[in-house]
Amino acid sequence: MKENKKLPDKTVERLSQYRRNLLICVANGKSHIFSHEIAGMLHITSVQVRRDIMLIGYKGTLRKGYDIQELILLIGEIIDSNSGQRVAVIGVGNLGRAIISYLKGKRSKLSIIAAFDTNIEKVDRIYAGVHCYHYDRLAEIIKSEDISIGIITVPASEAAKVAENLVISGIKGILNFTPSPVNVSSHVFLEEYDMITSLEKVAYFVKKNEF
Ligand code: ATP
């Protein structure tokens with residue numbers, strides 16, 4: 001795949017999911033896998049899997065399928081940055097703390113470097129090995145620690161302000177966990193993840209199937 005060619009974001013999402021499942025396969029002693037097996041694990045079609053894998057320029061063999069180790073390495077080359085990326089969490093409430101603990105050590109190329117909060121009782125405390133700074137120091141620490149990704153876990157009413165401040169501070173990508181959508185300039189990559197909407201969607205379909 002050409003370095004400068006951007007993949008569609010849904011493909012990037014699926015590549016990340018492929019890698020997680022392939023790592024489980026390796027742990028179970030498997031060396032090769034067919035597209036239909038990957039498709040089965042993720043409840044998608046094998047055509048979709050083949051298309052994504054073709055996009056990153058990988059070919060399997062007809063007889064054995066894809067070499068899992070090779071595929072994991074190639075996905076890493078495509079979606080990880082060489083030097084790794086540094087992440088900050090803004091808002092150390094229940095969700096922020098859970099995210100810090102959950103992500104800690106999960107991905108070697110993504111490190112949570114700092115947390116920020118306005119509550120002075122949380123400032124200068126360590127959460128799962130991550131230092132919590134006062135929110136007033138956002139721009140300073142983002143620059144000095146070379147942080148490129150911000151995860152927003154403040155109350156919804158604060159989200160817009162925090163996103164704006166992150167952009168001013170030079171952040172390159174934002175994952176917004178609040179239910180309040182935010183605006184950022186086009187050079188910043190934004191991903192909104194609203195857990196409540198996802199849960200309500202599931203609840204709606206569960207309700208429809210109730211008698
Ligand atoms: P807790 O009970 O520990 O405060 P919570 O999940 O109820 O947790 P929320 O009200 O959701 O907390 O707020 C999340 C966190 O965001 C809190 O720690 C709060 O102090 C912090 N916070 C609120 N506004 C801001 C802001 N503008 N910048 C940074 N952090 C903020």
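We count ligands from 1, going down the list as the structure has it; atoms in each ligand are counted the same way. All figures in this text were calculated on a predicted structure; none of them were measured in a lab.
- Using a 4.0 Å cut-off between charged side-chain N and carboxylate O, K161 and E164 make no salt bridge.
- The ligand atoms of ligand 1 that sit less than 4.0 angstrom from a heavy atom of K122 are 1 (P), 3 (O), 4 (O), 17 (C), 18 (O).
- Between Y66 and Y58, the ring planes lie tilted relative to each other; the angle falls in the 30° to 60° range.
- Residue R97 approaches ligand 1 through these ligand atoms, each under 4.0 Å from one of its heavy atoms: 3 (O).
- Note on K207 versus E200: no salt bridge recorded, every NZ/NE/NH1/NH2 to OD/OE distance being 4.0 Å or above.
- In this comparison of D117, L95, N119, the heavy atom closest to atom 19 (C) of ligand 1 sits on D117.
- Within the 4.0 Å heavy-atom shell around ligand 1 one does not find G96.
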Q: Before giving the answer on salt bridge (charged side-chain N to carboxylate O under 4.0 Å, His left out), spell out for K59 and E70 the whole-Å C-alpha distance, their side-chain angles and the decisive distance to 0.1 Å.
A: CA-CA 10 Å; K59 289 191 188 72; E70 278 180 16; over 6 Å; no
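- Interface of G91 with ligand 1, defined as ligand atoms under 4.0 Å from a residue heavy atom, comprises 15 (C), 16 (O), 30 (N).
- Here the heavy atom of the protein found nearest to atom 15 (C) of ligand 1 is G93 N, 3.5 Å.
- Within the 6.0 Å centre-distance limit, the rings of F116 and Y133 are counted as a close aromatic pair.
- The nearest heavy-atom contact from the protein to atom 10 (O) of ligand 1 is P155 CG, 3.6 Å.
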Q: May I have the step-by-step check of side chain to side chain donor-acceptor pair (under 3.5 Å) for S16 and R20, ending in yes or no?
A: CA-CA 6 Å; S16 164; R20 260 173 289 153; 3.1 Å; yes
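- Nearest protein heavy-atom neighbour of atom 24 (N) of ligand 1: E158 CG, 3.5 Å.
- The hydrophobic cluster containing I147 also contains V167, counting ILVMFWY residues as joined when their side-chain heavy atoms lie under 4.5 angstrom apart, directly or transitively.
- Atoms of ligand 1 lying under 4.0 Å from any heavy atom of T153, numbered from 1 in the order shown and given with element: 14 (C).
- Residue, atom and distance of the protein heavy atom nearest to atom 26 (C) of ligand 1 are T118 CG2, 3.7 Å.
- Per-residue contacts place V92 under 4.0 angstrom from the following atoms of ligand 1 (heavy atoms of the residue considered): 15 (C), 18 (O).
- With atom 6 (O) of ligand 1 as the reference point, the heavy atom nearest to it among V89, T178, N94, I152 is part of N94.
- Geometrically, K106 engages Y102 in a cation-pi contact, judged by NZ or CZ lying under 6.0 Å from the ring centre and within 45° of the ring axis.
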